[in-house]
Structure formats: C-alpha cells, structure tokens
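What you are looking at is a predicted structure, and each value in this text was computed from that prediction instead of being measured. For ligands, and for the atoms within them, numbers begin at 1 and follow the listed sequence. Values below: every heavy atom of this structure, side chains too, minus hydrogens, waters and symmetry copies.
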Amino acid sequence: MSSIKELDTSYVLPTYARADVEFVSGDNARLEDANGKKYIDFTSGIAVCSVGHANKRLSDALCEQLHKITHISNLYYMAPQARAAEKIVKASGYDMKCFFGNSGAEANEGAIKIARKYGEKDGEVKRYKIITLEHSFHGRTITTVKATGQEAMHNYFGPFPDGFVYAQNIEQIPSLIDDHTCAVMIELVQGEGGVQPLDKKAVQDLALYLKSKNVLLIIDEVQTGVYRTGEFLASNLFEIEPDVITLAKGLGGGVPIGVVMTSKKDVFSAGDHGSTFGGNYLSATAACEVVDILEEMYNAGTLKENINYFDAQLQKLYEAHQGIFTSKVGIGMMCGLRVKDAATLASIITKAREEGVMVLKAGRDTLRLLPALTITKEEIDEGFTSLNRALSSL
Ligand SMILES: *Cc1c(COP(=O)(O)O)cnc(C)c1O
C-alpha cells in the first residue's frame with residue numbers, strides 16, 4: 001500500500017481526499033484490501049456496482065464480448081448498443097429513444113443540449129434557461145457544475161454558461177419560469193445533497209404545470225436509476241412522465257456508461273451530438289447484462305425482499321442509536337441516517353472502516369448507504385453488526 005500511495009501522490013492530481021485503503025478484490029458485497037482485511041461494502045462504488053463486485057454473469061458476458069470486438073465507433077451499427085437501448089426503453093415504460101455517453105455529467109450535458117435545442121426550435125423567442133434545485137448535484141463539467149445548485153462549487157472555473165436558475169425548493173419553481181425557460185432539471189431523491197426524496201405529490205403537480213407551459217422536465221436519474229429505488233426508475237415510482245431522463249452510475253455495473261433518453265425523439269438530428277466511446281461493445285454489453293440481472297430479480301420479488309430486509313436492519317440501527325441519529329432518510333437501496341453533527345459523521349465513517357464495513361457521506365451530515373442491489377441477507381447482517389460495533393465504540 002505505501003508504495004501505491006507514494007505513486008498516487010507523485011503522479012495523480014490531488015483532486016480526491018482518499019481514504020488510506022487499497023482494495024484488491026471483491027465478491028458481491030464483500031471486499032478485501034491489500035493487507036487481507038475483509039469488509040462488507042455498503043457503498044457499491046457510489047451506487048455503481050449495482051450487481052455486486054466480480055459478478056460472474058456480468059464478467060462472463062464482458063469477457064465473451066471482449067474476445068470478439070470492443071470498439072468500432074458510432075459510425076457503424078452496434079448490436080449491443082441497439083439491444084441496450086431497447087432494454088432500457090422497455091424497462092422504463094416510456095416512449096423514448098436513447099443516446100449513449102460515458103458518465104453522468106455527460107448524460108446531463110446531452111439533456112441540456114436537447115432542452116436548449118428544443119427551446120430554440122419551439123417558439124419565437126429563444127428559450128435557454130434551465131431551473132435546478134438548491135442542494136442538487138448534476139456533475140463536474142463546466143456546464144453541469146453550473147447546473148449544480150451549490151454555490152460552493154462555483155468558486156473557480158468561470159465564466160460559466162448562462163441560463164441556470166436555482167430554486168430553493170420545488171414549490172418555488174413555477175414562480176421562476178419566464179419566457180426564456182426551456183426546462184427544469186431535478187433529482188427525485190437528491191443523492192449528494194443528503195439522500196433527500198422530493199414530495200411525490202409536489203413533483204406530480206410540477207410535472208403537470210410544466211406540460212401546460214411547454215417547459216421540459218428533465219429527471220436526473222444518474223443515481224436513482226436502474227432499480228436503486230426499487231423500480232427501474234424513480235420516475236416510475238413517482239408516477240410521472242418526464243420529457244428527458246439521464247442514467248449512468250448503476251447501469252454498467254462498474255463499466256463507465258451514461259444515457260440520456262427522451263420522448264422528444266426528433267430534436268437531435270445527425271451531427272448535433274456525439275461521443276467517440278459512448279455505447280461501444282464493452283459498455284453496452286455491460287448495460288444489457290446488468291438490466292437483465294436486475295429485471296429478473298425485480299420480477300422474482302427478490303429485489304423487494306432485499307430492500308425490505310436492508311430497511312428493517314437500518315431501522316433497528318436507527319432506533320438503537322437515538323443519541324447519534326436524528327432521522328432516517330431515502331428510498332429503497334438509496335438510504336441513510338442523518339447524524340447530529342458533521343464531526344460525528346466523520347468519525348462514524350472511519351470507525352466503520354476499521355470495523356470492516358464501508359459507508360458513505362452525503363451533504364453535511366448524512367450517513368449514506370448504497371449497497372449492491374444483489375446484497376445477500378448474510379452480507380447485510382454482517383455489515384450491520386460491524387456498523388453497530390463502530391457506533392457503540394464512538
Ligand atoms: C454522480 C452523479 C452525477 C455525475 O455523474 P458522473 O458519472 O460522476 O459524471 C450527476 N448527477 C447525479 C444525480 C449524480 O448522483
């Protein structure tokens with residue numbers, strides 16, 4: 001580890017405050033570090049490894065594809081990309097088409113381009129403004145960092161693209177719409193902002209209002225998408241019909257991929273958008289296999305069982321440590337506990353790792369849990385036993 005740490009410090013730019021651990025292998029929700037220490041992973045690589053580490057079905061499908069062809073560019077038809085698009089659209093239940101990129105930020109960039117072009121074509125005045133929420137997170141590119149409603153992230157890097165407007169809450173959005181507004185972009189459960197679900201009725205009301213104003217509703221499902229909340233999309237759970245949806249984290253099971261899908265199928269024409277890597281044989285094969293695995297679990301009821309079991313253990317932990325936690329938050333396998341203060345949260349995360357369970361932070365004071373959707377009861381039990389020990393030792 002020390003030599004890896006030295007290499008990293010010497011050659012990798014210091015954009016991350018890394019924890020002092022190097023993982024070398026994994027098996028579903030289990031991890032092992034370079035010293036042979038074992039962990040239960042309640043993070044799944046920040047909601048990415050949705051089917052667990054070293055998933056055999058996923059790695060077999062990837063190996064089989066890699067032995068044939070990995071990449072050929074979007075100048076040609078690619079069977080896995082076309083199949084992945086069909087699976088994603090059918091699982092969503094919406095009448096949409098997909099564009100493939102490589103990350104969440106890139107998917108959101110695509111969504112913003114669709115909204116801006118729609119706003120230009122669809123009216124006499126050019127509509128370009130996009131309303132987002134405070135405490136949101138939409139990515140790290142210049143445009144998506146500006147779309148992110150957190151002032152602290154706008155300190156450097158300017159000038160930024162114009163046209164992002166921040167609403168304090170969902171109820172305030174209608175009053176911010178003017179003749180130049182083309183879209184509203186929101187997360188249904190704010191992830192980085194603190195695992196905060198929006199109110200379902202308020203979202204449904206907003207969706208209807210935006211339709212009446214011909215303002216597009218973009219749902220950033222980069223974290224909530226691909227069964228994280230128990231349904232394929234949080235939009236399904238909230239029973240709304242968005243115009244644009246973005247996906248990324250859990251879709252490739254660890255292989256980088258991002259998708260923007262929209263019901264506005266004819267806004268983009270050839271040449272309007274593109275990606276060298278997006279949806280190549282590798283990432284599209286990953287998406288096909290991940291969606292298949294999770295869809296089978298969903299249909300068999302095992303996803304629901306896992307979610308219920310995880311939630312019951314989280315509830316017990318919450319009740320057992322009332323002095324530390326102030327509330328329980330989240331939906332499905334995107335959940336957490338609000339901690340009384342930020343310093344306590346920091347020590348929980350370190351103590352948990354020492355006790356052999358990986359957990360995350362969100363916002364200032366939220367302990368965030370994003371386990372693999374395939375996590376077993378044994379893994380859940382072991383993880384909560386370790387977490388309980390960590391909390392008792394504070
Ligand atoms: C993680 C995240 C992003 C950014 O995704 P990247 O792949 O890191 O670019 C955007 N939106 C939401 C809601 C996210 O959780």
Protein residue, atom and distance nearest to atom 6 (P) of ligand 1, heavy-atom basis: Gly104 N, 3.5 Å
Between the main-chain N or O of Glu239 and the side-chain N or O of Asn236, is there a donor-acceptor pair closer than 3.5 Å? no
Have a look at Tyr166 and tell me which of His154, His138, His135 forms a ring pair (Phe, Tyr, Trp, His ring centres under 6.0 Å) with it. His154
If the cut-off is 4.0 Å to any non-hydrogen atom of Ser103, which atoms of ligand 1 fall inside it? 7 (O), 9 (O)
Is there at least one pair of N or O atoms, one from Phe137 and one from ligand 1, spaced under 3.5 Å apart? yes
Give the contacting part of Asn108 toward ligand 1: side chain, backbone, both or neither, where contact means a heavy-atom distance below 4.0 Å. side chain
Between Tyr227 and Phe232, what is the ring plane arrangement, given parallel below 30°, perpendicular above 60°, and tilted in between? perpendicular
Is it the side chain, the backbone, both or neither of Ala105 that has a heavy atom closer than 4.0 Å to ligand 1? both
Taking the cut-offs as 6.0 angstrom to the six-membered ring centre and 45 degrees off its axis, would you call Lys37 and Tyr39 a cation-pi pair? yes
Atom 11 (N) of ligand 1: closest protein heavy atom, distance to 0.1 Å, is Asp220 OD2, 2.8 Å
How about atom 8 (O) of ligand 1: does it have a protein heavy atom within less than 4.0 Å? no
Which option out of Lys249, Gln223, Met334, Met185 puts a heavy atom nearest to atom 1 (C) of ligand 1? Lys249
Do Phe99 and His273 make the cut of ring centroids closer than 6.0 angstrom? yes
If we set the cut-off at 4.0 Å for heavy atoms, which region of Glu187 has an atom near ligand 1: side chain, backbone, both, or neither? side chain
Residues clustering with Val48 (ILVMFWY side chains joined when closer than 4.5 Å, directly or via others): none
